[in-house]
Amino acid sequence: MNLTYVLLQNLKRNRLRTALTAIAFALPMAVFVAALSLVVAMMGISRNNEQQLRLGVRNRISLINLMPEAMRRRIEALDPNKERITAICGMRWFGGRVPGTQASLTNLAADPDTFPLVYPDIGLTQADYDAWLKERTAAVIGRSAAEQYGWKVGDRVTLESTVPPYLSLEFKVVAIMESTMRSNVFYIRRDYLDESLKAAGEAYGRCNVFWIKTTSVEAMRQLQQEIDEMTANSPDATKSDDENAFLAGFIQGAGDIPGLMRAMAMVVVFIVALVAGNTMMLNFRERTRELGVFKAMGFQSSRVMGLIVGESVLLALVGALLGVLPMSALLYFYPTRNLGFGPIGALEVSPMAIVLSMVIALVVGLAAGLWPGVQAMRLRTVDALRKVA
Amino acid sequence: MRMALPIGYHYRNLWVRKTTTVLTLLVLSAVVGVLTWMLGFAGALSSSMAMASDDHKIIIIRRGSTAESNSAIPIDEYNQLVQVGNIAVSEKTREPLVSPEVLIQVSLPRLRDGGTTRANVAVRGVTEKAFEVHSNVKLQGATFSTGSPEVIVGLAAAKQFGGLNIGDSIRLGFAGDRDYKIVGFFSADGGPMESEIWGYLPALMNAYGRTLYSSVSLRLRGDADPQAATSQIAGPPIEMDGKTEAEYWHAQSKNIRLYLYICYALVGVMCLAAVVSIANTMYATVAGRTREIAMLRTIGFSGGSILGGFVLEAVMLSIVGGVIGCLACFGWLKFVGNTKDMFGANTFTTLAFEISLTPFIIVLALVAVTVVGALGALLPAMRAARVQVVSALREP
């Protein structure tokens, strides 16, 4: 007799229980695949940030304390032979919003010349960078911002700054970035901003942050120390951090969603393990006699155990699929990036997250079947046959 | 008379199936643990917002700006604000209670992660009048002097961010070259201002080279209509954006509420899973005891008492699970940490919360878990109540 056949028959025997267990498995697994997708996406972003070797330099007091643009030359002077620094891109917060709306975009003015060198990883082509370099009012925008406002390449877009002196400027969209972490970002050129500030009689030539693309981890760590030492006790004392450390403060400020998702993922695994374990214990209890019959018929103990563990794994996988697939489809067709809410925008279902969810389900199924399985193995045939449910 | 099944019967029933009972209990505890944490956070947010709902306090920012931190109001425009009708008058100085304020920020280490990450904490420059306009702000000890660089710190900020003890100094100023000594603390009934640092307005404006105020808060007389005041502020000649305190903070906490909605959705899904899990356990219980149930019917227990009995059994289980979950959450908050801070939607400065389990939250969580247990048990209990006595007794 085929083992698989017995497995399937067993699952069909108490259809209600199979269905309930599958639902109790599917619901948390749906949460799990979403949580895991975010964790996986954040890990990818964090790994990419590590590889990009960017160092962020800001004023030690706070990000709103501006630094003079001459800081770029001072930092460049630390590396006269151009061995450690690839390029430095100064950035200033513009905080623009579409007139009539409340929320401002992550809207930054970047040094046009070095922007392509410091950000080669944001999903732009050489043609995009050329357009950025050529067009003074160029804007490079994230996918979510583009979708939200219906902007296309070539569109002219007016943004109102939400920070003093509240300039209103027109930009031309030259490219749309596919970078997950920059979904809501709207880069503009700092030379254009400065000219506009100058024309309005406002102070210009200052930056909130300098992003330095370095050539190696050692170079980055050295520069981090050298820059902070160079500026210590000066009006422009700085705090330098690598990109992940720089972002960590913001992620905390947005409620630590990755932390929440990690915690959720763990709670969910705990819950599904208990649900599966419970069902298998119930099955085992009710079928003790039957297992005794199998043994009496000459089934080896290991096969009896296989029967139980197999059923548990099958149930777990079916339950997981029922949760993982609909959730993945939901997130695929309704991406959360348009919620425009911190790292939640990075949530994209990846095949990796789906595969990992199924692996976890497999492991949980194995673990849940193990204890009843071992008990079944140890079962003395005589006792089992004598047992009254 | 209808006879109920004795509690002891259910208690022993739960005990007989130890493994299943414990596994179900743990599912419930995990769900309730997460639920209470979220209710605690939602509670902390709403109590903080409830403390910032003074209808007679109007917060005025520049039209087109989104928060105090990115607003700028020239001094001559500020002077126009005394025209607003029905402004309350200071009891001490007899001046109208209009408080010009400047809002800046300082990056401070978070204590909960040992300073690995830093938070943007709001620094508010105020004058004497602010203490009468923001009437829930109460000094705990000394206040800053107007002559020397001193600040006072809100209790929530002092608890969550590093280097904010009395006697410590923080660096402020456009060039970051001025040390401000911390001389006292203040409370604000747990409202958002408790996450701030306050200093003397002219000194801070000077330190940051500012000639503009950020925002203006004013207090209306008790009999004034706040909506009339805000529409007067919006209209000519003032043309600024005035909101009551509640409206202002409602807008600033939009992102935090969104965060909570995400949390609720996740917990909701888990609660459903718990319902299904209980149903599963109870179906098994009922199936395993069909003969017993038939016996109970034979000796005179009605279908209704059997239904009630099984629901009660599940509810007992749920409440025990709920208590364990609450205890787990309590332990987590006590030993792992109960602090959290989040940016306001547009402020760019952080609001510090302390999550605590109030009796209300515990009751709410237990009610929720009772509902979960009862819902899960309902269908199995109905099956138990409908057991066909004769055929069930005949079963092997």
Side-chain angles (χ1 to χ4, degrees), chain A residues 14 16-17 20-21 23-25 27-28 30-31 35 59-66 95 97 102-104 160 162-166 234-237 239 245 248-257 260 263-264 267-268 270-272 274-275 277-279 281-282 285-286 339 341-342 344 389, chain B residues 17 19-20 23-24 26-27 30-31 33-34 62 64-67 69-72 104-107 110 113 116-120 171-177 208 212 251 255-256 258-259 262-263 266 269-270 272-274 276-277 279-281 283-284 287-288 340-343 345-346 348 350:
Chain A
N14 194 335
L16 183 66
R17 176 176 303 160
L20 288 175
T21 309
I23 294 171
F25 218 89
L27 291 170
V31 172
N59 188 293
R60 213 175 65 92
I61 306 301
S62 85
L63 255 177
I64 61 159
N65 288 50
L66 296 166
R97 63 168 174 193
Q102 272 298 308
S104 62
E160 268 173 10
T162 55
V163 293
Y166 312 106
S234 81
D236 303 304
K239 169 111 174 62
F250 291 94
I251 290 171
Q252 283 289 327
D256 190 17
I257 290 180
L260 176 83
M264 280 290 175
V267 171
V268 161
F270 182 68
I271 290 177
V272 292
L274 294 169
V275 167
N278 192 14
T279 296
M281 281 309 288
L282 293 173
R285 271 180 88 93
E286 284 165 19
L339 287 172
F341 181 56
I344 202 86
Chain B
R17 302 166 158 259
T19 328
T20 298
L23 290 174
T24 314
L26 287 176
V27 170
V31 173
V34 178
R62 181 195 184 275
S65 63
T66 50
S69 50
N70 57 33
S71 156
I104 48 208
Q105 49 193 263
V106 62
S107 163
R110 287 187 174 86
D113 58 15
T116 314
T117 62
R118 291 177 157 249
N120 277 323
R171 285 237 151 145
L172 295 174
F174 182 72
D177 53 353
Y208 279 85
L212 309 175
N255 60 329
I256 308 179
L258 177 59
Y259 176 88
I262 295 172
C263 290
L266 298 179
V269 171
M270 289 192 196
L272 275 179
V276 177
S277 177
N280 212 358
T281 304
Y283 269 121
K340 189 157 187 72
D341 69 272
M342 277 183 84
F343 287 144
N346 295 308
F348 206 58
T350 201

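Convention: sequence-line order gives letters A, B, ...; per-chain numbering from 1. Just so we're clear, the structure is a prediction, and the values are computed from it rather than from any experiment.
Minimum interatomic distance between Met270(B) and Val31(B) (heavy atoms only, all atoms of both residues): O-CG2, 3.8 Å.
Looking at Val27(B), both its backbone and its side chain come within 4.5 Å of chain A, counting heavy atoms on both sides. Interface remark: Asn120(B) contributes side-chain atoms only to the contact with chain A (heavy atom separation under 4.5 Å). When heavy atoms are compared at a cutoff of 4.5 Å, Ala284(B) approaches chain A by way of both its backbone and its side chain. In this structure, the portions of Ala248(A) lying under 4.5 Å from any heavy atom of chain B include both its backbone and its side chain.
Most heavy-atom pairs under 4.5 Å with chain B: of the set Ala245(A), Pro235(A), Ala263(A), Ser104(A), this distinction falls to Pro235(A). Looking only at heavy-atom pairs under 4.5 Å with chain A, the residue among Thr350(B), Asp113(B), Leu266(B), Thr281(B) that has the most is Leu266(B). For the set Val275(A), Val163(A), Leu260(A), the count of heavy-atom pairs under 4.5 angstrom toward chain B peaks at Leu260(A). Among Asn59(A), Val272(A), Val268(A), Val267(A), the residue making the largest number of heavy-atom pairs under 4.5 Å with chain B is Val267(A).
In this structure, a donor-acceptor pair under 3.5 Å is present between the side chains of Ser62(A) and Asn65(A). Thr66(B) and Thr162(A) form no side-chain donor-acceptor contact under 3.5 Å, judged by distance and modelled atom types alone.
Put simply, the side chain of Ser277(B) never gets that close to the backbone of Ala273(B): no donor and acceptor are under 3.5 Å apart. Checking side-chain atoms of Tyr283(B) against main-chain N and O of Leu16(A) turns up no donor-acceptor pair under 3.5 Å.
With sequence neighbours excluded, the residues that form a side-chain contact (heavy atoms from CB on, under 4.5 Å) with Thr19(B) are Met281(A), Leu23(B).
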